[in-house]
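Keep in mind that the numbers below use all heavy atoms, side chains included, and drop hydrogens, waters and symmetry copies.
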There are 2 protein chains.
Amino acid sequence: MENAIDIYVGLIALFFTLLGIWIATQLTKPRVEKVIVEKEILLPQKEGFTLDQTELEKLNLTNREYEVLQLIARGHSNADIANSLFLSLSTVKTHTSNLFVKMDVKRRTQAMEKARRLQIVD
Amino acid sequence: MENAIDIYVGLIALFFTLLGIWIATQLTKPRVEKVIVEKEILLPQKEGFTLDQTELEKLNLTNREYEVLQLIARGHSNADIANSLFLSLSTVKTHTSNLFVKMDVKRRTQAMEKARRLQIVD
DNA sequence: TTCTCCCTCATACTTTAGTACCAATACCTT
DNA sequence: AAGGTATTGGTACTAAAGTATGAGGGAGAA
């Protein structure tokens, strides 16, 4: 019976193969594949005023008009502005009237609101 | 020589054990470990207005005064406000005058500026 | 009930804002 | 040189905003 030896050897082979598999599963550290997942965190951005150059240019304001607008936005009266920029009250009124037309508003309060909404003043 | 058989069997055992280990390493799927990396990203936060209740309460405004203030902040004239709230121009002026005192400002434009700065209007 | 706010409205007044002209100067472009 | 625009300023006027003061009614607290 030569088969007897073959079967015997085969069983030994099978046994030790399974033993090897078992040993392997016990000993091998799990192969770890790190998958880095980036998680975006929204930080409350603090008062980042970025001037909207596009909107500003659309209005076609002159330098002086824009200067006056900025002071208006800060709550200054025409008299205040005249003093700040060393102009006559008359001149300030001219600038304000002209910028109101360009901004399509009727009062300085509307100009303030719109200027802030368009992001052209802080 | 009985050792010859022992060694022979031992070698077979060792061979198949190693074969088992090799098979095991080939078959076991690498364990995937997700590593979450938090990445802080500054995104332009859109119009997050949060009312500053504290500052609002400090001013001690009445309901009506606060209503009027909100409309002023949106650029409305006294006449507009009177129509919106079904009040006489006279009453609106009374409210505005009173809230100016409480806010320690002299003009509505200053009230607008301060109200926005204190985060009590959007 | 009396006292105190709040809300309402009125009259009278002052101040600020806004409009509608016009005009001189300067600078830049055609 | 001529035309356009920006800047400045003036006068005269109207409109809106703001102040001062008084007053009546309502709601809630002492």
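Close to C:dT16, at under 4.0 Å from its OP1 or OP2, lies no side-chain N or O of B:Arg107. OP1 or OP2 of C:dT8 has at least one side-chain nitrogen or oxygen of B:His95 nearer than 4.0 Å. In this model, the phosphate group of D:dA17 is not approached by any side-chain N or O of B:Thr96 to a distance below 4.0 Å at OP1 or OP2. In this model, the phosphate group of C:dC6 is not approached by any side-chain N or O of B:Arg64 to a distance below 4.0 Å at OP1 or OP2.
Separation of atoms CG (B:Leu85) and CG (B:Leu71) is listed at 5.5 Å; rounding is to 0.5 Å.
When each of D:dG9, C:dT19, D:dA17 is scored by its nearest atom to the side-chain atoms of B:Lys93, the top-ranked nucleotide is D:dA17. Nearest nucleotide to the A:Ser90 side chain, out of D:dG9, C:dT19, D:dA17: D:dG9. Here D:dG18 is the nucleotide among D:dG18, C:dT19, D:dA6 with the atom lying nearest to any side-chain atom of B:Asn78. Picking from C:dC9, C:dT19, D:dA16 the nucleotide with the shortest atom distance to the side chain of B:Thr94 gives C:dC9. Closest to the A:Ser97 side chain, of the nucleotides D:dT7, D:dT19, C:dG18, is C:dG18.
Nearest approach of A:Leu61 to A:Leu99, heavy atoms of both residues: CD2-CB, 4.0 Å. Among all heavy-atom pairs drawn from B:Tyr66 and B:Ile120, the shortest one is OH-O, 2.8 Å.
Taking a cutoff of 4.0 Å between a charged side-chain nitrogen and a carboxylate oxygen, B:Asp80 and A:Arg107 qualify as a salt bridge.
For A:Asn98 and B:Thr91, each mapped to the nucleotide of DNA chain C holding its nearest heavy atom, the one lying further toward the 5' end belongs to B:Thr91.
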